[in-house]
Number of protein chains: 2
Amino acid sequence: MRLLVAEDDKRIAEDVRTVLTAAGYAVDLTHSGQDAWFRGDTEDYGLVVLDLGLPGMDGISILKQWRMSGRHMPVLVLTARGSWAERVEGIDAGADDYLPKPFQFEELLARIRALIRRSVGHGAATIEVASLVVDTRTMRVVVDGMPLNLTPFEYRLVSYLAHHRGRVVPASELQDHVYGDDFSRDGNALEAMIARLRKKIGSDVISTRRGFGYVMGDSV
Amino acid sequence: MRLLVAEDDKRIAEDVRTVLTAAGYAVDLTHSGQDAWFRGDTEDYGLVVLDLGLPGMDGISILKQWRMSGRHMPVLVLTARGSWAERVEGIDAGADDYLPKPFQFEELLARIRALIRRSVGHGAATIEVASLVVDTRTMRVVVDGMPLNLTPFEYRLVSYLAHHRGRVVPASELQDHVYGDDFSRDGNALEAMIARLRKKIGSDVISTRRGFGYVMGDSV
DNA sequence: CAGCGCCTGTCAGCAAATTGTCAGCTTCTC
DNA sequence: GAGAAGCTGACAATTTGCTGACAGGCGCTG
C-alpha cells in the first residue's frame with residue numbers, strides 16, 4: 001500500500017516516513033501544498049496524511065479540490081492541538097480523520113490501519129452471469145447495462161438462480177425458496193413467473209432442463 | 001438515520017440526545033453495557049456513540065463482540081482525556097473514531113456527520129440527487145435552487161434516502177431509522193409522510209419499488 | 001388559559017401493479 | 001405419433017401503495 005505524507009516540518013516528516021515504512025507501507029513525502037495537491041490528484045494513493053499548515057496552498061483547499069475531482073482515498077488530517085474549529089472545517093471538507101499534533105506514532109499507526117481497513121472493506125455485492133448483473137445491495141438487476149424493473153417475486157427468482165448459477169435448480173426447490181411456507185400454489189404459477197421473467201431479461205438467460213429444473217449460466 | 005448513544009452519565013446522555021435529535025437523527029439511549037451490546041447486536045443503527053466507561057460490560061469488549069459478529073456500523077468512542085493508550089486499543093478493536101471528554105457538541109456533530117458520510121460512501125457535506133440538494137450541516141434541503149421548509153420527520157426521510165441514494169431502501173428500514181424506538185408502526189404513517197414529502201420536493205425524486213421500498217436517484 | 005397553527009398518525013376509499021389460474025399451444029422424449 | 005412437460009396470453013383476484021380528510025397533540029402567542 002502506497003501512502004502520501006504531506007508535512008512541511010521535515011523532521012516530523014522523516015520520522016513519520018520511518019515509522020510507516022517499518023509498518024510495511026510505501027511512503028512518498030512532500031513538503032509543499034502545490035506538490036501535495038498535484039500528487040494526490042495524479043497518483044494513486046491508498047491513504048494521505050495531510051498537514052493543514054503547508055506552505056503554498058491551503059490544506060482545506062487541497063482536500064476540497066481532491067474531493068471535487070473525484071479522488072476518494074482516505075485522508076488523515078494533522079491539525080494544531082485544540083483548534084477544534086479547524087477540525088470541524090477539515091472534516092466537513094472531506095477529511096476522514098484528524099490527529100492533533102503532537103501525536104504518538106502508535107496512535108497515528110492505529111488510525112491509519114483503521115482508515116485503510118475501512119476503505120478496502122467495501123466489497124461489491126454483485127453477481128454477474130453473462131450479460132446479467134444482480135446487485136444484492138441495491139436490489140437491482142441489470143441486463144446489458146439496462147436496469148430492469150422487476151417485481152418482488154421475479155427478483156427472488158433471478159436472485160436465487162444467480163446465486164446458484166451453473167447448477168440445475170429443481171422446480172420444487174425454486175418453489176420452496178420463492179414462496180416459502182406458502183404451499184397454496186398448485187397450478188403452474190412458477191412457470192408463469194418464469195415466462196414473465198424471460199420477457200424482461202431475455203429468453204436465453206435461464207434455460208430449462210426438462211424434467212430437472214432451471215439453470216442460469218454455463219452448463220449449456 | 002437512527003443512532004445509539006451508550007453513555008452512563010444521564011445528564012450528558014440527555015444533552016447529547018437533545019443535540020442529535022435537533023440535528024435530525026432518531027436517537028436511542030442506553031446506560032448499561034449489557035443493554036448497549038444487546039441493542040447494537042440486534043438493532044440496525046447508522047452509528048453508535050459509545051462511552052468506554054459503561055457499567056456492566058467493558059466498552060472495548062462490546063465493540064469487539066459487535067465486530068466479531070459482523071456488525072459494521074460506525075462507532076464513535078468517547079474516552080477520558082489524554083489516555084491515548086485507551087484510544088489505540090479502541091481503534092484497534094474496531095472503533096472508527098474517538099472523542100476525548102469533555103467535548104464540544106459541535107465537534108461531536110461534525111465527527112458524526114463525517115462518519116456517516118464515510119460509511120455510506122460520500123465525501124462531501126452536501127448530497128446532491130438530481131435537482132435536490134441536502135446540506136447535512138445546515139439541515140437544509142434545496143430543490144432547483146429553492147430552499148424548502150421541511151418538517152423534522154420529513155427531513156429525516158429525505159436525508160436517509162439521500163445518504164443511500166441509488167439503493168432501494170425497504171420501508172421497514174426507513175421506519176426504523178426515521179422513528180427509532182418509537183413503535184408507532186401501525187398504519188400507513190410512513191406512506192402518508194412520503195406523500196406529503198413528494199408534494200414538496202416533487203413527485204419524481206423518490207420513486208417507489210413496489211414490494212421492495214423506496215429509492216432516490218437513478219430510477220429505473 | 002384559550003386560541004391558533006403546525007405536525008403527524010389514522011382511516012377509508014381508490015388506483016394500480018402483481019400474481020394465480022386456466023385453457024390452449026408448443027416442444028421434447030420415447 | 002402419442003403423451004408428458006413446459007410455455008404463453010388473457011383474465012380475475014388479491015395485494016400494495018396513494019391520497020384526501022380528519023383529529024389529537026404540541027408549542028406558541030396574546
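Each chain gets a letter, A, B and so on, in the order its sequence line appears, and its residues count up from 1.
- Whole-Å rounding puts the A:K200 NZ to D:dC7 C1' distance at 18 Å.
- Which of C:dG20, C:dG9, D:dG20 sits closest to the side chain of B:K199 comes down to D:dG20.
- Toward the 5' end of DNA chain D, the nearer of the two residues A:G211 and B:R196, judged by each one's closest nucleotide, is A:G211.
- Taking the charged nitrogens against the carboxylate oxygens, B:R118 and A:D96 do have a contact shorter than 4.0 Å, which makes a salt bridge.
- In this pair, A:H164 and A:Y160 present their aromatic rings tilted. The plane angle is within the 30 to 60° band.
- To the nearest angstrom, P of D:dT16 lies 18 Å from OH of A:Y155.
- A residue-by-residue look at A:P152 and B:P152 shows that B:P152 has its nearest nucleotide of DNA chain C further toward the 5' end.
- In this structure, CG of A:L197 is placed 17 Å from P of D:dG6, rounded to the nearest angstrom.
- Atom-to-atom, CG of B:L174 to P of C:dT8 comes out at 15 Å; the value is rounded to the nearest Å.
- Between A:N188 atom CG and C:dG20 atom P there is a gap of 10 Å when expressed in whole angstrom units.
- Within the 4.0 Å cut-off from OP1 or OP2 of C:dT19, at least one side-chain nitrogen or oxygen of A:T151 is found.
- Counting only heavy atoms from C-beta on, A:A189 has its side chain closest to C:dG20 among C:dT8, C:dT18, C:dG20.
- Across C:dG20, C:dC7, C:dC28, the shortest atom-to-atom separation from the side chain of A:R210 is found for C:dC28.
- Checking D:dC7, D:dC18, C:dT10 against the side-chain heavy atoms of B:A192 singles out C:dT10 as nearest.
- Note on A:R140 versus A:D135: no salt bridge recorded, every NZ/NE/NH1/NH2 to OD/OE distance being 4.0 Å or above.
- If you run salt bridge (charged side-chain N to carboxylate O under 4.0 Å, His left out) between B:R11 and each of B:D8, B:D9, B:D15, only B:D15 comes through.
- Residue contacts for B:F212: at a heavy-atom cut-off of 4.0 Å it reaches no nucleic acid atom on any strand shown.
- Distance from the side chain of A:E191 is smallest for D:dG6 among the nucleotides D:dG6, C:dG9, D:dC18.
- B:Y179 has a side-chain polar atom (N or O) that falls below the 4.0 Å cut-off from OP1 or OP2 of C:dG9.
- At whole-Å resolution of the value, CE in A:M193 and P in C:dC22 are 18 Å apart.
- Using a 4.0 Å cut-off between a side-chain N of Lys or Arg and a carboxylate O of Asp or Glu, B:R198 and B:E154 do not qualify as a salt bridge.
- D:dG25 atom C1' lies 13 Å from atom CZ of B:F153, rounded to whole Å.
- Here the C1' atom of nucleotide C:dT18 and the CD1 atom of A:I194 are 17 Å apart, to the nearest Å.
- Listed nucleotides C:dT8, D:dC18, D:dA4 differ in distance to B:Y214; the shortest reach to its side chain belongs to D:dC18.
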